[in-house]
Student: 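Next up is a structure, given as structure tokens.
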There are 2 protein chains.
Amino acid sequence: MLTERQLFLLQVIIDEFIQTAQPIGSRAISKKDEVTFSPATIRNEMADLEDLGYIEKTHSSSGRVPSEKGYRFYVDHLLSPSHLSQAELHLISNTFENNMVEFEQVVQKSAKVLSDLTNYTSIILGPKVYETTLKQIEIIQLSSYMAVAILVTNTGHVEHRSFSIPEEIKPSDLEKLVNILNQQLRNVPIIQLHERLQKEITMLMQKYVNDFDGAYQYLKAALFDEQPVQLYVGGITNILLQPEFKDVNKIHSLYSVMEQENAIANMLRSYSNGIHVSIGQENVMDEMQDCSLITATYSLGEEQLGTIALLGPTRMEYSRVISLLHVLSKRMSHTFDSWF
Amino acid sequence: MLTERQLFLLQVIIDEFIQTAQPIGSRAISKKDEVTFSPATIRNEMADLEDLGYIEKTHSSSGRVPSEKGYRFYVDHLLSPSHLSQAELHLISNTFENNMVEFEQVVQKSAKVLSDLTNYTSIILGPKVYETTLKQIEIIQLSSYMAVAILVTNTGHVEHRSFSIPEEIKPSDLEKLVNILNQQLRNVPIIQLHERLQKEITMLMQKYVNDFDGAYQYLKAALFDEQPVQLYVGGITNILLQPEFKDVNKIHSLYSVMEQENAIANMLRSYSNGIHVSIGQENVMDEMQDCSLITATYSLGEEQLGTIALLGPTRMEYSRVISLLHVLSKRMSHTFDSWF
DNA sequence: TTTAGCACTCAAACAACAAGAGTGCTAACA
DNA sequence: TGTTAGCACTCTTGTTGTTTGAGTGCTAAA
């Protein structure tokens with residue numbers, strides 16, 4: 001168990017290191033106003049904290065630096081909730097007052113405001129469409145052999161896909177098909193579309209639509225193939241401002257993994273409700289083991305829609321970032337709720 | 001005027017430097033099989049080439065490095081068209097044989113194949129929608145106070161925008177409005193939409209639709225506000241592999257400017273038909289003055305649609321990149337032509 | 001005109017050294 | 001018994017000097 005004084009010193013060391021990125025020495029600590037005891041005492045305590053694994057030396061006669069275990073303890077036990085400044089709250093409010101009416105817009109602006117306020121990199125996983133329901137399907141013919149299929153969900157999400165129409169299929173067939181699809185599938189959850197289509201509607205359609213099989217084959221690919229994940233990244237260059245990323249190789253490996261949107265998306269999806277902090281080696285992705293990742297979720301009603309995250313060095317302003325994510329995820333959820 | 005031998009030496013120096021990124025000395029050149037004269041002779045010639053400004057020394061006793069004037073001369077007069085390898089052509093063919101049916105898909109895959117083949121960064125400006133014509137407008141009501149407007153062009157491009165409906169407007173009004181819009185505006189070039197709407201149709205609409213002014217105000221914002229530019233970037237991390245970008249500050253300034261999509265898009269738009277090479281200081285953007293940018297255009301019929309570009313260090317494989325852009329821009333144009 | 005020879009220059013790598021920040025330990029102190 | 005002053009020791013950082021090697025320019029001979 002740590003003594004009061006050790007807790008205090010650990011907090012001072014981590015707070016200081018987060019600000020300066022420099023190893024902290026006993027003399028520097030003793031100079032602080034809040035500190036009443038001498039460098040020698042501090043050295044003794046620091047030796048103990050080091051034995052316990054909370055801080056480390058970069059070399060045998062250097063000052064101390066928080067270890068990952070130290071950050072973990074700090075996040076779990078020492079964090080005082082930081083209150084955001086008026087200016088920060090104002091900036092967030094401004095972003096959301098801008099009368100936004102689209103998911104994409106909200107998510108994109110949130111990513112921007114997060115990265116602007118923190119100087120870290122924000123990653124937001126766009127709202128998943130699975131739980132939404134179908135509002136309408138449209139097929140619009142562009143030429144005799146091309147058409148675009150459009151699918152609208154109850155949340156105003158629009159998917160579209162162009163496809164080529166085989167010659168055998170007449171426009172009238174296509175029209176009938178769309179009518180049937182809309183009649184039968186309206187308000188069906190997107191995730192059930194494919195199944196419902198195969199089980200219940202195939203028979204019906206074959207009866208009314210000539211060459212249903214041909215049409216269906218094309219339409220299926222156009223409408224129900226899996227859609228690309230939507231990942232919004234803000235302030236990717238902020239990483240370059242951090243002194244821990246002076247090395248081009250580090251930057252390269254981190255940026256490379258950021259390009260793999262699917263992997264990032266899956267990783268983000270794996271976090272449940274609430275705020276999660278992954279420090280250094282705790283991260284699943286190897287390339288992020290010099291970083292900390294803080295995640296939160298946003299939702300529509302009870303339904304968790306997506307994840308917002310901030311990526312920075314392990315020397316992160318945990319307190320501020322957590323408060324910010326808290327405010328922003330609430331704000332996003334609130335905005336979405338207000339629409340429906 | 002340069003002598004034959006000077007031309008030859010300039011070519012050798014630039015070719016060699018493009019491969020190695022190291023200053024080239026007289027001895028290294030003399031060792032090449034094609035070179036029959038001695039290091040001393042080469043030194044004399046190099047001194048002349050330096051006086052003329054085509055090559056430079058990095059310090060007083062170093063080997064020579066091409067100057068920007070040297071690259072410019074190389075590109076204008078010395079470039080031998082490189083023939084692409086079977087493997088390269090194959091990779092491009094594979095990309096395009098994948099039965100693509102959408103602009104976005106073609107552009108995105110092209111960006112990827114370009115960056116993969118070159119290890120530079122590809123930037124593609126998405127097809128402009130101005131010259132396309134309106135195929136159809138749809139308005140789909142999501143709830144009593146929200147709707148999504150969808151606009152489809154003859155090229156299968158889909159724009160959509162959610163908007164909130166003021167209470168005064170009845171669904172029936174909305175429906176009438178859409179009908180009139182479709183009747184009057186079908187096949188009108190997108191760029192003329194706004195003007196046509198104001199000049200010719202306002203009167204008609206006011207007659208049939210209650211509270212037209214209210215509805216129009218909302219719809220206008222939803223449909224006709226300027227759309228965000230579409231910029232596709234491939235292989236942004238490739239820049240980090242180049243030895244000239246070991247410095248984090250350089251990377252930061254370049255990446256920062258790449259984030260300003262509008263500025264990049266405008267810059268790319270300013271290039272006319274054909275292939276253009278901007279070397280170092282020739283670039284309009286300050287942040288790119290250590291880079292070379294090579295641009296080409298793609299089109300639909302006679303209509304220039306967009307720009308594809310490659311960004312790399314001034315020490316770029318000009319010959320190969322130009323050949324590649326040539327092939328790819330043709331291939332893209334061809335694909336689009338085949339659709340319409 | 002070309003080339004061999006040679007003196008000269010500069011960057012890069014390395015060692016030696018001083019300064020400074022910080023530590024651990026011991027002994028004295030409250 | 002916990003705290004602190006004092007001191008020897010360690011390691012990084014910055015400076016300076018040296019060596020090595022690649023490359024140049026110039027001169028004189030072929």
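Chain naming here is simple, since letters A, B, ... match the order of the sequence lines and numbering starts at 1 in each.
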Student: Under 4.0 Å between a side-chain N or O of B:Thr41 and OP1 or OP2 of C:dT1?
Tutor: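 Indeed not, no polar side-chain atom of B:Thr41 lies that close.
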Student: Let me know the distance between CD of A:Glu45 and C1' of C:dT23, rounded to the nearest Å.
Tutor: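 Distance check: A:Glu45 CD to C:dT23 C1' gives 16 Å.
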Student: Using the salt bridge (Lys or Arg N to Asp or Glu O under 4.0 Å) definition, which of the options A:Glu50, A:Glu45, A:Glu56 pairs with A:Arg64?
Tutor: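 Exactly one option meets the salt bridge (Lys or Arg N to Asp or Glu O under 4.0 Å) with A:Arg64, and it is A:Glu50.
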Student: B:Asp48 CG to C:dT1 C1': how many Å, rounded?
Tutor: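 For the pair B:Asp48 CG and C:dT1 C1', the rounded distance is 13 Å.
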Student: From NE2 of A:His59 over to P of D:dT13, roughly how many Å is that when rounded to an integer?
Tutor: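 For the pair A:His59 NE2 and D:dT13 P, the rounded distance is 7 Å.
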Student: For A:Lys57 and C:dA21, is the shortest distance between a side-chain N/O and OP1 or OP2 below 4.0 Å?
Tutor: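 Negative; the distance criterion is not met.
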Student: Has B:Arg43 got a side-chain N or O lying under 4.0 Å from the OP1 or OP2 atom of D:dC26?
Tutor: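 For B:Arg43, the contact criterion (side-chain N or O under 4.0 Å from OP1 or OP2 of D:dC26) is not met.
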Student: Taking the six-membered ring for Trp and the full ring for Phe, Tyr or His, determine whether the centres of B:Tyr255 and A:Tyr255 are under 6.0 Å apart.
Tutor: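 Distance test on ring centres: under 6.0 Å, yes.
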Student: Using a cut-off of less than 4.0 Å, is there contact between a side-chain N or O of B:Ser38 and OP1 or OP2 of C:dT2?
Tutor: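 Checking C:dT2 against B:Ser38, no side-chain N or O comes under 4.0 Å of OP1 or OP2.
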Student: For D:dC11 and A:Ser60 - does any side-chain N or O of the residue sit under 4.0 Å from the phosphate oxygens OP1/OP2?
Tutor: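 The answer is yes; a side-chain N or O of A:Ser60 sits under 4.0 Å from OP1 or OP2.
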Student: Of all the choices, D:dA5, C:dA4, D:dT3, which nucleotide is nearest to the side chain of A:Ala40 once you look at every atom?
Tutor: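 So the side chain of A:Ala40 is nearest to D:dA5.
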Student: Expressed as a whole number of angstroms, how long is the span from B:Leu9:CG to C:dT2:C1'?
Tutor: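 Those two atoms, CG and C1', are 14 Å apart.
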Student: In whole angstrom, what separates B:Asn44's CG from D:dC26's C1'?
Tutor: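 Value for this atom pair: 9 Å.
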Student: Between the main-chain N or O of B:Glu244 and the side-chain N or O of B:Lys250, is there a donor-acceptor pair closer than 3.5 Å?
Tutor: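 Present.
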Student: Check whether any side-chain N or O of B:Ser122 sits under 3.5 Å from a backbone N or O of B:Ala111 as a donor-acceptor pair, and report yes or no.
Tutor: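 Here the side-chain-to-backbone pair exists.
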Student: How do A:Pro23 and B:Thr58 order along DNA chain C: which one's closest nucleotide is nearer the 5' end?
Tutor: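 The residue mapped nearer the 5' terminus is B:Thr58.
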Student: Would you check if there is a donor-acceptor pair between the side chains of B:Ser38 and B:Thr41 at a distance under 3.5 Å?
Tutor: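 The criterion, which ignores hydrogens and geometry beyond distance, is satisfied for B:Ser38 and B:Thr41.
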Student: Mind calculating the distance between CD1 (A:Ile42) and C1' (C:dA21) to the nearest angstrom?
Tutor: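 To the nearest whole Å, that distance equals 15 Å.
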Student: If you compare every side-chain N and O of A:Arg64 against the phosphate oxygens of C:dT23 (OP1, OP2), does one of them come in below 4.0 Å?
Tutor: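 Checking A:Arg64 against C:dT23: at least one side-chain N or O falls below 4.0 Å of OP1 or OP2.
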Student: Over all strands shown, is A:Ser62 touching base, sugar-phosphate only, or nothing at heavy-atom distances under 4.0 angstrom?
Tutor: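 Touches sugar-phosphate only.
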Student: If I take atom CD1 in residue A:Ile29 and atom C1' in nucleotide C:dT23, what distance separates them, rounded to the nearest angstrom?
Tutor: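 Rounding to the nearest Å, CD1 of A:Ile29 and C1' of C:dT23 are 13 Å apart.
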Student: I need the CD-P distance between B:Glu50 and D:dC26, as an integer number of Å.
Tutor: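 Distance, rounded to whole Å: 11 Å.
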